[in-house]
There are 2 protein chains.
Amino acid sequence: MSQPTTKVTLADVARLAGVGVGTASRALSGSARVAPETRAKVLEVADRLHYVVSPDAASLASGRTGRVALVVPHLSRWFFGEVAEGIHAGLRGADLDLLLYPVGAVQERAEFFERLPARRKVDAVIVVAFQVLEAERRRLELMGVHIVAAGGQSAAYPYVRIDDYVAGRQAMDHLLFLGHRRIAMLEARDPDQPDLDPPRSDAYVEALRENGIEVDPELVVVGDWGGEQGAQGMSRLLSLRTPPTAVYAHSDEVALGAVRTIRRAGLDVPRDISVIGIDDHPLAALTDLTTVRQPAHEQGRRAAEMLIGLLRGDPGVDESVTLPTELVVRGSTAPPRG
Amino acid sequence: MSQPTTKVTLADVARLAGVGVGTASRALSGSARVAPETRAKVLEVADRLHYVVSPDAASLASGRTGRVALVVPHLSRWFFGEVAEGIHAGLRGADLDLLLYPVGAVQERAEFFERLPARRKVDAVIVVAFQVLEAERRRLELMGVHIVAAGGQSAAYPYVRIDDYVAGRQAMDHLLFLGHRRIAMLEARDPDQPDLDPPRSDAYVEALRENGIEVDPELVVVGDWGGEQGAQGMSRLLSLRTPPTAVYAHSDEVALGAVRTIRRAGLDVPRDISVIGIDDHPLAALTDLTTVRQPAHEQGRRAAEMLIGLLRGDPGVDESVTLPTELVVRGSTAPPRG
DNA sequence: TTCCGATGTGGAAGCGTTTCCATGCAGGAT
DNA sequence: ATCCTGCATGGAAACGCTTCCACATCGGAA
């Protein structure tokens, strides 16, 4: 029925509609001023010929690419995938395509900022949930496009995120409220992120201090964001002369690792040890893990909407947003024994 | 130091290098025949001017876009994210960009195939892990580009996948080997996928039959791929007069839902009921879930490599691949009690 | 009536490449 | 010495659009 073989150009449409190419272009792009009947005629012909504009020609002529770069580490981890979906949702209707740049591995990341493969290919960049280093920021700016951060604390750009300190406090305050005093922390850091002091850790320290509890360095174990590290960290905590009665993990995945180790040691969660995470990963519900929920999807969506505003040149849209988090009590926390 | 303000064109480079634009283009694209010293000169000038080709102009002139569409449902679910990362890995060095098209929701999916937003924007399409309907296939082919399937049984295109029947058999055979006879199945289906009979279910039926066990319809519960459905399905199984001694779930997420329900009922996994899943989701290791591992990342990578071959016109690369799966025994399965 | 602004339109000038074709030239075969 | 081959090169012609500019037309204001 249709011939995808011969490609139909704007000139063809214009000719058959009996108008000039300029008019045809205006009629199709919708915005410009064209007489209603002329527009109708052009659209009718375009439809009949199965006309599809050539995005490359349009980009070349207009200088706009209609694309957005999505720079994201670790697509395979729930949070990032969820944010990415949120971004896609927020971009709907804006007629923008997403160019995907996974930069999980150190080398990939270095290469991305080195080569800047998105250069000249996008109108904007969304950086998902990672801290952009100073040197990287400078490279990024060579692209000369809008940049927003989704789910990260890249303070240099407009962002949508949660308050990690508050999230951490919600977790810690819950444990403290339950009566725990000997609380361990499984701190997560990205291998190549030179965070000085993650806010989620500050929350630990300050929550303890406010409750008159000394920070015991033995009770703080650092690892990456993976569950395996949580499991190992927990082993270390269990080997202490006096293990903690509760564990605050920086993420649900880390928390689940801890739970496994506790169970393998023949102990019970939460009777012997309480465990709390952060994220509200879908599996947290399935594993009955108490956690602090953060709106992953929404962070993506809001960031995308912000970007659209920026591209349109709306005034005042570049105001960063911090979304609320929420304690979700499940079965992995309880008052300490005794 | 650099001026991202003024855009440098090929003509500028050519002029400063003292060559024609044709020669400059050939020198930069690398492949064509250019005298070594000429090429060196051009490259040097290009580098000095921070020249970056305009992908749009190049696409327009050459007819190649240098982009690949990645059509994927549910980015936020581990398997899809992992396959996507694999695809990205497989594409490295090929200088191809990935255009992301999430089509998780029914409406999104319909809209994608209706509007075909990737039309004229890509040289190829990778469809991740979902069955392309006949009508969708016809739409897709309007694009007139190569298509491959990663991690799905879309038989119409070259694919890389696992054998779902075999994976199911590995799970079932393990349970049977342990001595279970009353085995339930938590069957997962995509809400809008009119699979007749999923191979993972066939495996259940045939494994039982081969072992002389009648299929008890009560023991088969259907849901979607989410953990919640696994939890609910398990409730139903527990309400039977004679609950199963083992549960075969179509995915790890479903299996974990089942485990939660079993535990909440005060029963023990695996002492009272064994549970096995499929996937080897990272959290399966953390929750000690026995499962059948499938190489998600590799499916993506291989599909991407296949695509590169197709685009290069290599002969014989369009041969589909089926990767092996592997039983991973952990702590959620044991012989039946008694 | 004349003039003016608003509105709709056609067409040309880019946009920045790739690629084809013609040309120049060196060197080996005759 | 002459011819031919083949490589390296310059330049022009697409590629298919957007957008600017100029022009025509039409009412209404003066």
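Letters go in sequence order (proteins before strands), and every chain restarts at 1. On a predicted model such as this, the values are computed, not experimentally measured, just so you know.
In this structure, the OH atom of Tyr51(A) is 10 Å from the P atom of dG16(D), given to the nearest Å. As a whole-Å value, the separation of Leu28(A) CG from dG16(D) C1' is 13 Å. When rounded to the nearest whole Å, the span between CZ of Arg15(A) and P of dG16(D) equals 13 Å. The nearest whole Å value for the distance from the CG atom in Asp56(B) to the P atom in dC17(D) is 13 Å. Between Leu10(A) atom CG and dT9(C) atom P the separation is 15 Å, expressed in whole Å. Rounding to whole angstrom units, NZ of residue Lys7(B) and P of dG14(C) are separated by 15 Å. Atom CG in Leu60(B) sits roughly 12 Å away from atom P in dT19(C) (whole-Å rounding).
Smallest separation of non-hydrogen atoms from Leu140(A) and Phe112(A): CD1-CE2, 4.2 Å.
To the nearest 0.5 Å, atom CG of residue Leu311(A) and atom CG of residue Leu307(A) are 4.5 Å apart.
Of the side-chain N and O atoms in Thr9(A), none sit less than 4.0 angstrom from OP1 or OP2 of dC15(D). For Arg64(B), a side-chain nitrogen or oxygen approaches OP1 or OP2 of dT19(C) to under 4.0 Å. The phosphate of dC15(D) (OP1 or OP2) has no side-chain N or O of Ser62(B) nearer than 4.0 angstrom. For the OP1/OP2 pair of dG10(D) and a distance below 4.0 Å, the side-chain nitrogens and oxygens of Thr23(B) include at least one atom meeting the criterion.
Within the nucleic acid shown, Val42(B) has no heavy atom closer than 4.0 Å to any nucleic acid atom. At a threshold of 4.0 angstrom between heavy atoms, the contacts of Ser29(A) with the nucleic acid are absent. If you check every strand for non-hydrogen atoms under 4.0 Å, Ser25(B) touches a base. Ser59(A) comes within 4.0 angstrom of no nucleic acid atom, judged by non-hydrogen atoms across all strands. Residue contacts for Arg120(A): at a heavy-atom cut-off of 4.0 Å it reaches the sugar-phosphate backbone alone, with no base atom in range.
Residues Leu91(B) and Ile308(B) form a side-chain contact, since some pair of their non-hydrogen atoms from C-beta on lies under 4.5 Å apart.
Sequence order on DNA chain D of the closest nucleotides to Gly22(B) and Ala61(B) puts Gly22(B) first from the 5' end.
Looking at Arg64(B) and Asp95(B), no side-chain N of the basic residue comes within less than 4.0 Å of a carboxylate O on the acidic one, giving no salt bridge.
A side chain to side chain contact (heavy atoms under 4.5 Å, CB included) with Lys121(A) is found for exactly one of Thr65(A), Leu99(A), Val68(A), namely Leu99(A).
The side chain of Ala58(A) lies closest to dT18(D) when the candidates are dT9(C), dT17(C), dT18(D).
In terms of polar N and O atoms assigned as donor or acceptor, the side chain of Arg26(B) comes within less than 3.5 Å of the base of dG10(D) in a complementary pairing.
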